[in-house]
Amino acid sequence: MAQPTISNSTDFIRDIIDEDIRTNKHAGRVATRFPPEPNGYIHIGHAKSVCLNFGLARQYQGTCNLRLDDTDPAGESMEFVESIIRDVHWLGFDWGEGRLFYASDYFERLYSFALEFIKTGNAYVCSLSPDEIREYRGTFTEPGKESPYRNRSVEENLSLFKRMRSGEFEDGAHVLRAKIDMAAPNIVMRDPIIYRIKREPHYRTETKWVIYPMYDFAHCLSDAMEGITHSICTLEFENNRPLYDWIVEKLIPANRPKQIEFARLSVSYTVLSKRRLIELVQKDYVNGWDDPRMPTVTGMRRRGYSPEAIRKFCAEIGVAKNDNLIDVALLEHCVRDDLNERAPRVMSVLRPLRVVIDNYPENRAEVFECQNHPQNPDMGIRQVPFSRVLYIERDDFMEDPPKKYHRLGPGREVRLRNAYVIKFESMVKDEQTGEVLEIHCAYDPQTRNAPPAGGRKVPGVIHWVSAEHGVPAEVRLYDRLFSIEDPESEEDFIPNLNPNSLEIVTNCYVEQSLKNAKPGSQYQFERLGYFCVDADTKAGKPVFNRVVPLRDSWTKIAEGK
RNA sequence: UGGGGAAUCGUUCAAUGGUAGGACAGCGGACUCUGACUCCGUCAAUCAAGGUUCGAAUCCUUGUUCCCCAGCCA
């Protein structure tokens with residue numbers, strides 16, 4: 001008797017599996033698979049499927065195969081296979097020993113199944129042209145017409161199909177079709193093509209084959225051969241389920257896998273369709289598959305998203321059959337939630353404004369010990385040098401500040417984070433432009449680790465970097481790739497690209513402790529956001545990606561007034 | 001138009017004839033050496049109309065809207 005499953009998150013798929021286990025279907029076994037085609041990099045939508053399929057296997061102590069669904073040589077490559085393997089592993093899943101499969105490894109067996117189909121009268125070689133096949137298929141409202149080749153003898157079919165394999169014909173000369181019903185209301189069932197001639201080398205089988213099985217034939221049989229119990233796919237395959245069942249029923253009827261369809265993921269302000277992602281890369285709208293603006297797993301990794309955050313997101317969005325458009329804010333929430341716990345805090349100034357502390361001794365340099373995480377002392381402390389000349393954020397000084405602004409301005413005081421309270425004294429302006437070049441302040445020596453005397457309230461706290469000790473850095477600020485919520489719904493999506501999706505800021509200063517930060521490591525730049533050391537980093541010259549900004553209630557206040 | 005699906009707060013997931021709930025977003029407040037985090041509060045939904053029932057998001061009827069299918073892609 002199978003054990004009941006304990007799970008706090010439930011969905012219709014888990015309900016089905018629970019019921020199958022209850023009735024001891026498949027002897028209570030759960031076997032899933034993740035079946036990407038290696039013709040592109042996997043993205044956040046695939047991650048949803050990865051988490052679902054591998055998560056189910058984990059939850060029900062079953063198995064989940066990784067299967068490369070490589071039945072169409074066009075566009076498939078080993079580069080993509082390797083990226084998929086790397087990305088699934090990085091997401092935190094493993095298929096285990098002997099569970100990495102390729103549909104292309106089944107070509108010979110699939111061919112045998114096709115032969116069997118011909119012999120049992122379930123398939124025939126059709127010699128109509130592609131255009132004719134389309135015409136004969138009929139329309140939504142009109143039934144199709146039977147192909148004149150539909151009743152060829154078994155012998156003729158066998159001979160033709162073998163000759164197809166041996167390379168006697170050009171592309172498109174013949175196809176193998178399942179003999180079902182040209183009048184079926186479901187167009188998928190109108191004698192679907194199951195093999196086509198394609199004289200194109202395959203990245204694994206090279207030139208061994210010139211005929212390739214179609215998805216509808218290869219996928220269900222691959223599932224059945226692997227002993228998959230629950231074949232989970234997206235909604236657009238619902239129409240194909242009768243064909244899936246029809247084929248397996250006739251060739252491998254024992255333990256037929258159950259196809260279950262769920263809604264694919266859509267995320268606002270981005271595109272996930274493979275065709276469009278490829279276009280973004282090929283036409284250089286982005287800098288490759290791992291561009292941090294891309295919704296690919298490799299892009300998100302480079303951006304600084306963690307696998308934990310992505311898994312959390314996939315758990316949060318759930319699984320259902322409704323078409324959806326998930327707010328990218330939920331993804332960002334999951335990323336912040338994860339990084340808030342794990343990212344050490346540091347101080348960095350993106351747009352520096354020079355501040356001179358007039359009453360601070362010229363040659364003095366203090367080193368402050370700063371907490372790496374205010375809520376987690378276990379993360380330790382680091383040393384941050386302080387000196388007479390500092391940089392602060394240009395945004396943190398205003399000559400004529402609005403109400404509610406509690407940073408630096410004429411006549412104002414502000415707390416330097418982890419350091420002293422300083423008071424504005426004067427400023428130096430460019431005579432031509434009026435731009436503020438530098439400001440002079442006085443510090444209050446009593447305020448180190450202490451509130452100012454006399455009960456003065458200093459509401460503002462700003463970050464800073466010692467000019468002498470700061471490390472020059474480049475910071476790349478990312479914004480959403482598209483400027484409209486649902487670019488996928490537009491016929492032409494390119495005009496909706498966000499022209500400001502990348503801003504490169506080159507004259508930043510990060511604190512000394514970041515000088516040799518390792519690529520991939522993540523930090524919170526206090527008051528700014530979460531940042532990740534980019535792979536472009538050179539020794540002593542760090543490059544950071546902004547993973548996601550901190551939530552910012554000030555901008556709302558400032559814009560509202 | 002034939003077939004296949006789906007309709008619940010702004011978004012999304014739940015509630016499986018018995019108090020419509022959570023998350024994100026929004027708004028308000030508390031706290032704060034991060035305008036972050038955290039905490040508290042708050043706004044807000046059953047596609048429509050009939051019917052069955054003591055009782056309907058859930059069952060029935062009719063209608064409406066949206067998505068998918070006419071690749072030798074997957």
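Every chain is numbered from 1, with letters handed out A, B, ... down the list of sequences. Every value quoted in this text rests on a predicted model; they were computed, and no experiment measured them.
A/Lys321 and A/Glu238 are joined by a salt bridge, as a carboxylate oxygen and a charged side-chain nitrogen come within less than 4.0 angstrom of each other. The pair A/Arg264-A/Glu236 counts as a salt bridge, with a side-chain nitrogen and a carboxylate oxygen less than 4.0 angstrom apart. At a threshold of 4.0 Å, the pair A/Arg137-A/Asp191 does not count as salt-bridged, since none of the basic side-chain nitrogens sits closer than that to a carboxylate oxygen.
Comparing B/U12, B/A36, B/C72 by their nearest atom to the side chain of A/Ile326 picks out B/U12. Ranking B/U34, B/C73, B/A23 by closeness to the A/Asp72 side chain, first place goes to B/C73. The A/Phe140 side chain lies nearest to B/G2 when the options are B/C73, B/G2, B/G35. In the set B/U1, B/C13, B/C24, the nucleotide with an atom closest to the side chain of A/His333 is B/C24. Comparing B/A74, B/C24, B/C13 by their nearest atom to the side chain of A/Asn324 picks out B/C13. Nearest nucleotide to the A/Asp337 side chain, out of B/U38, B/U34, B/C24: B/U38. Comparing B/C67, B/C69, B/C72 by their nearest atom to the side chain of A/Ile187 picks out B/C69. Counting only heavy atoms from C-beta on, A/Lys556 has its side chain closest to B/C27 among B/C27, B/U34, B/G4. For A/Arg345, whose side chain is taken as the heavy atoms from C-beta onward, the closest listed nucleotide among B/C24, B/A36, B/C68 is B/A36.
The side chain of A/Arg527 places no N or O atom within less than 4.0 Å of a non-bridging phosphate oxygen (OP1 or OP2) of B/C33. Under 4.0 angstrom from either OP1 or OP2 of B/C67 there lies no side-chain N or O belonging to A/Lys321. Between A/His463 and the phosphate of B/U34, there is no side-chain N or O to OP1/OP2 separation shorter than 4.0 Å. Under 4.0 angstrom from either OP1 or OP2 of B/A25 there lies at least one side-chain N or O belonging to A/Arg551. Applying the 4.0 Å criterion to OP1 and OP2 of B/G71, one finds that A/Arg137 has a side-chain N or O inside that range. An OP1 or OP2 oxygen of B/U1 is reached within less than 4.0 angstrom by no side-chain nitrogen or oxygen of A/Thr139. Considering only side-chain N and O atoms, A/Arg336 lies nowhere under 4.0 angstrom from the phosphate OP1 or OP2 of B/A36. For A/Arg417, no side-chain nitrogen or oxygen approaches OP1 or OP2 of B/G35 to under 4.0 Å. Close to B/C13, at under 4.0 Å from its OP1 or OP2, lies a side-chain N or O of A/Asn322. Put simply, A/Thr71 has a side-chain N or O that comes within less than 4.0 Å of OP1 or OP2 on B/A74.
In this structure, the side chain of A/Arg33 engages the main chain of A/Ile232 through a donor-acceptor pair within 3.5 Å. Judged purely by atom type and a 3.5 angstrom limit, A/Asn322 has no side-chain atom pairing as donor or acceptor with the backbone of A/Ala263.
Under a cutoff of 6.0 Å and an axis angle of 45°, A/Arg417 and A/Trp464 do not form a cation-pi pair. A cation-pi geometry, defined here as NZ or CZ lying under 6.0 Å from the six-membered ring centre and within 45° of its normal, holds between A/Arg204 and A/Tyr102. Relative to the ring axis of A/Phe34, A/Arg67 does not place its NZ or CZ within 45° and under 6.0 Å from the centre.
Taking the C1' atoms as reference points, B/G51 lies 39 Å from B/G26, given to the whole Å. Separation of the P atoms belonging to B/C37 and B/A23 is 16 Å when rounded to the nearest angstrom. When the C1' atom is used for both B/G28 and B/A48, the distance is 36 Å, rounded to whole Å. A gap of 9 Å separates the C1' atoms of B/U58 and B/A15, to the nearest Å. Taking the P atom of each, B/U46 and B/G41 are spaced 25 Å apart, rounded to whole Å.
RNA chain B lies under 4.0 Å from at least one heavy atom of each of the following residues of residues 214-224 of chain A: A/Met214, A/Tyr215.
Among the heavy atoms of the strands, none lies under 4.0 Å from A/Lys274. Using a 4.0 Å heavy-atom criterion, one finds that A/Ala419 contacts the bases of the nucleic acid, with or without backbone contacts as well. Among the atoms of the strands shown, base atoms are found under 4.0 Å from some heavy atom of A/Tyr405. Residue-level contact check: A/Leu128 touches the bases, meaning some heavy atom is under 4.0 Å from a base atom. Using a 4.0 Å heavy-atom criterion, one finds that A/Leu330 contacts the sugar-phosphate atoms exclusively. A/Asn39 comes within 4.0 angstrom of nothing in the nucleic acid, heavy atoms only. As judged by a 4.0 angstrom heavy-atom cut-off over every strand, A/Phe237 is placed among the base-contacting residues. Residue contacts shown for A/Ser489 are absent, as no nucleic acid heavy atom lies under 4.0 Å away. Across all strands, A/Gln375 comes closer than 4.0 Å to base atoms (heavy-atom distances). Contact annotation for A/Asn449: base contact, defined as any heavy-atom pair under 4.0 Å involving a base atom. Heavy atoms of A/Arg134 sit under 4.0 angstrom from primed sugar atoms or phosphate atoms, though from no base atom. Among the atoms of the strands shown, none is found under 4.0 Å from any heavy atom of A/Val421. Nucleic acid contact class of A/Pro451 (heavy atoms, under 4.0 Å, all strands): none.
Ring pair A/Tyr195/A/Phe217: centre-to-centre distance below 6.0 Å. In this structure, A/Phe531 has its ring center no closer than 6.0 Å to that of A/Phe544.
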| task | Determine, stepwise, if the pair A/Val414 / A/Asp396 fulfils side chain to side chain contact (heavy atoms under 4.5 Å, CB included). | result | CA-CA 10 Å; A/Val414 75; A/Asp396 288 338; over 6 Å; no
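Along RNA chain B, the nucleotide closest to A/Cys126 and the one closest to A/Leu416 are compared, and the more 5′ of them pairs with A/Leu416. Nearest-nucleotide positions on RNA chain B place A/Leu325 closer to the 5' end than the other of A/Leu325 and A/Asp171.
The partner of B/U42 is B/G26, judged by Watson-Crick or G-U wobble contacts that both fall below 3.5 Å. Pairing for B/U52 is absent, judged as Watson-Crick or G-U wobble with the two contacts each under 3.5 Å. Taking a pair to require two hydrogen-bonding distances under 3.5 Å in either a Watson-Crick or a G-U wobble arrangement, B/U1 remains unpaired. B/U16: no Watson-Crick or G-U partner with both key distances under 3.5 Å is found in any strand.
In this structure, the side chains of A/Phe386 and A/Val367 stay at 4.5 Å or more apart for every pair of heavy atoms.
Residue-to-nucleotide contacts include no donor-acceptor pair under 3.5 Å from the side chain of A/Asn186 to the base of B/G4. At a cut-off of 3.5 angstrom, the base of B/U34 holds at least one donor-acceptor pair with the side chain of A/Gln524.
For B/G10, the glycosidic angle deviates from 0 by more than 90°, giving an anti base.
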